[in-house]
Visitor: 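This is the structure I want to talk about, given as structure tokens.
Only heavy atoms go into these numbers, but all of them, side chains included; no hydrogens, no water, no symmetry mates.
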Amino acid sequence: MQKSSRIILALDVTSRSDARRVVEAVRDHVDAIKVNWPLILAAGPEIVRELSKVKDVICDMKIADIPNTNRLIVEQAMALGASAVICHGFTGDDSVKACVDAAKGQVFVVTEMSHPGGRQFTAPVADRLAALAKAAGARGIVAPATRPERIADLRRIIGDMEIISPGVGAQGGRASDAIRAGADYIIVGRAIYESPDPKSAAEKLAAEVKDSLR
Ligand code: O7E
């Protein structure tokens, strides 16, 4: 995955035509595309293969099952051309390890979630989830741009593993705060795909990220 604009597009649109329109507009300003259930259910799994020809695709199925089922899901996602997958860690280390093995390490594990409800169950165990991700050999973790101080805390646990961070824009987080706190990439959905001008929205975010790295 390139590390240029440090923006991962969360492409939560619900038609293939919208997906193509947004990707065409922003392809030079994002480093990867995250595909979640809304688009997969609307456009079919082949959308992963199609998008993977344009950019690295992170399959965000938030996999959360027993090890064998996790393995089967990851194998299907990788066969479609995904570069990485996202799984939950609360299922335990055997389930996460099954994802890591099937994806040859290309796994991001969700820690503290970015929405208000993320404080309820994920926040109290986020440090343990980050440690679990590290022990399992994952590539990185997902940590909240809405609480940049938590990005910094979790960074201390995982060392130089990658942090991808959702919650910028529509959820109230700021790109610059997340990057300064230690995120490698921000994940941005609505602030780009709901914008009347997705290209300039992505350009503005990329400029903010660049400034925050100075
Ligand atoms: O708020 P938006 O529109 O910018 O979209 C954010 C995206 O990040 C969306 O796809 C949502 O499912 C995802 N996300 C969060 O918003 N918060 C989290 O804690 C975790 C995720 C997520 O994608 O986890 C894997 C990266």
Visitor: Grab the two heavy atoms, one from Ala175 and one from Val209, that are nearest each other, plus how far apart they are.
Guide: CB-CG2, 4.2 Å

Visitor: Salt bridge between Glu24 and Arg21, side-chain N to carboxylate O under 4.0 Å?
Guide: no

Visitor: Is Val54 linked to Val188 within one hydrophobic cluster, defined over Ile, Leu, Val, Met, Phe, Trp and Tyr using a side-chain heavy-atom separation of less than 4.5 Å?
Guide: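 Yes.
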
Visitor: With side chain to side chain contact (heavy atoms under 4.5 Å, CB included) as the criterion, how do Asp127 and Arg150 come out once you've worked through the C-alpha distance, each side chain's angles and the decisive distance to 0.1 Å?
Guide: CA-CA 9 Å; Asp127 292 8; Arg150 292 296 293 141; 2.8 Å; yes

Visitor: Check whether any side-chain heavy atom of Met161 lies under 4.5 Å from a side-chain heavy atom of Arg139, and answer yes or no.
Guide: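 Answer no - side chains too far apart.
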
Visitor: With side chains defined as the heavy atoms from C-beta onward, is the minimum distance between Asp31 and Ile7 less than 4.5 Å?
Guide: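 Side-chain contact under 4.5 Å: no.
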
Visitor: Can you find a heavy atom in the side chain of Ile192 that is under 4.5 Å from one in the side chain of Val26?
Guide: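 SC-SC contact between Ile192 and Val26 confirmed.
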
Visitor: Check for a donor-acceptor pair, side chain of Ser95 on one end and backbone N or O of Gly92 on the other, with a separation under 3.5 Å.
Guide: no

Visitor: For side chain to side chain contact (heavy atoms under 4.5 Å, CB included), just list the numbers for Ile186 and Ile8, CA-CA rounded to whole Å, side-chain angles, deciding distance to a tenth of an Å, and then say yes or no.
Guide: CA-CA 6 Å; Ile186 50 167; Ile8 297 171; over 6 Å; no

Visitor: To the nearest 0.5 angstrom, please state how far the CG atom of Leu51 sits from the OG atom of Ser83.
Guide: 11.0 Å

Visitor: Just by distance, do the side chain of Ser212 and the backbone of Ile179 share a donor-acceptor pair under 3.5 Å?
Guide: no

Visitor: Calculate, to the nearest 0.5 Å, the distance between atoms CG and CD belonging to Asp12 and Glu194 respectively.
Guide: 10.0 Å

Visitor: Can you confirm whether Val168 sits close enough to Ile187 that some side-chain heavy atom of one is under 4.5 Å from a side-chain heavy atom of the other?
Guide: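 No, their side chains stay 4.5 Å or more apart.
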
Visitor: To the closest 0.5 Å, what do you measure between CZ (Phe108) and CG (Asp60)?
Guide: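 Rounded to the nearest 0.5 Å, the CZ-CG separation comes to 11.0 Å.
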
Visitor: Taking all non-hydrogen atoms of both residues into account, name the closest pair between Leu213 and Arg6 and its distance.
Guide: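 Answer, listing the atom of Leu213 first, then Arg6: CD1-NE, 3.5 Å.
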
Visitor: Go through the steps for Asp211 and Arg180 under the test salt bridge (charged side-chain N to carboxylate O under 4.0 Å, His left out), then give the verdict.
Guide: CA-CA 10 Å; Asp211 272 358; Arg180 283 201 199 97; over 6 Å; no

Visitor: List the steps, then state whether side chain to side chain donor-acceptor pair (under 3.5 Å) holds for Glu208 with Ser176.
Guide: CA-CA 6 Å; Glu208 185 183 337; Ser176 48; 2.9 Å; yes

Visitor: I want to check something: taking the side chain as every heavy atom from C-beta on, are Leu80 and Ser52 in contact at a cut-off of under 4.5 Å?
Guide: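 Counting from C-beta outward, Leu80 and Ser52 never come under 4.5 Å.
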
Visitor: Rounded at 0.5 Å granularity, tell me how far CG in Asp18 sits from CZ in Arg16.
Guide: 12.0 Å

Visitor: Would Ile63 and Ile86 satisfy side chain to side chain contact (heavy atoms under 4.5 Å, CB included), going step by step from the backbone distance to the final call?
Guide: CA-CA 7 Å; Ile63 306 160; Ile86 292 170; over 6 Å; no

Visitor: When you look at Ser17 and Arg20, which way does the side chain to side chain contact (heavy atoms under 4.5 Å, CB included) test go after all the steps?
Guide: CA-CA 5 Å; Ser17 59; Arg20 287 169 61 102; 5.8 Å; no

Visitor: Could you give the distance from OH (Tyr185) to CG (Leu9), rounded to the nearest 0.5 Å?
Guide: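 These two atoms lie 14.5 Å from each other.
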
Visitor: CG of Asp94 to CG of Asn68: how many Å apart, nearest 0.5 Å?
Guide: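 Interatomic distance, Asp94 CG to Asn68 CG, rounded to 0.5 Å: 11.5 Å.
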
Visitor: If every non-hydrogen atom of Ala183 is compared with every non-hydrogen atom of Ser165, which pair is closest and at what distance?
Guide: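 Shortest heavy-atom separation between Ala183 and Ser165 comes out as CB-CB, 3.8 Å.
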
Visitor: Is there side-chain contact between Val110 and Leu129, with at least one heavy-atom pair below 4.5 Å?
Guide: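 No - every pair of side-chain heavy atoms lies 4.5 Å or more apart.
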
Visitor: Go through the steps for Ser114 and Gln171 under the test side chain to side chain donor-acceptor pair (under 3.5 Å), then give the verdict.
Guide: CA-CA 8 Å; Ser114 60; Gln171 295 181 51; 2.6 Å; yes

Visitor: Decide, yes or no, whether a salt bridge links Arg155 with Asp184 under the criterion of side-chain N to carboxylate O below 4.0 Å.
Guide: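 Result for this pair is yes, salt bridge flagged.
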
Visitor: Closer than 3.5 angstrom, by distance alone: can the side chain of Ser195 be matched with the main-chain N or O of Ala191 as a donor-acceptor pair?
Guide: no

Visitor: Treat each ILVMFWY residue as a node, draw an edge where side-chain heavy atoms are under 4.5 Å apart, and state whether Val96 and Ile157 are in one component.
Guide: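 No; Ile157 is not reachable from Val96 via cluster members.
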
Visitor: Does any part of the side chain of Ile158, heavy atoms only, come nearer than 4.5 Å to the side chain of Leu154, both counted from C-beta?
Guide: no

Visitor: For the NZ atom on Lys62, are there more than 12 heavy atoms of other groups (residues, nucleotides or ligands in this structure) within a distance under 6.0 Å?
Guide: yes

Visitor: Is the closest side-chain heavy-atom distance between Leu205 and His29 below 4.5 Å?
Guide: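 When only atoms from C-beta onward are counted, His29 and Leu205 do not touch, as no gap falls below 4.5 Å.
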
Visitor: Charged N to carboxylate O under 4.0 angstrom, Arg119 versus Glu112?
Guide: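 Between Glu112 and Arg119 there is no salt bridge, as every charged N stays at least 4.0 Å from the carboxylate O atoms.
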
Visitor: Considering all heavy atoms of both residues, which atom of Ala138 and which atom of Val107 are nearest to each other, and what is their separation?
Guide: CB-O, 3.4 Å

Visitor: Would Ile66 end up clustered with Leu132 when hydrophobic side chains under 4.5 Å apart are linked, directly or stepwise?
Guide: no

Visitor: Does one hydrophobic cluster hold both Trp37 and Ile164, with members joined at side-chain heavy-atom distances below 4.5 Å?
Guide: no

Visitor: With a 4.5 Å cut-off on side-chain heavy-atom distances among I, L, V, M, F, W and Y, is there a chain of contacts connecting Val85 to Leu72?
Guide: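 Hydrophobic grouping puts Val85 apart from Leu72.
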
Visitor: Looking at Met61 and Ile73, what are the two nearest heavy atoms and their distance?
Guide: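 Smallest interatomic distance, heavy atoms only, reads SD-CG2, 4.1 Å.
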
Visitor: So which heavy atom on Met1 is nearest to which on Ala32, and how close?
Guide: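 Closest heavy-atom pair between Met1 and Ala32: SD-CB, 3.5 Å.
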
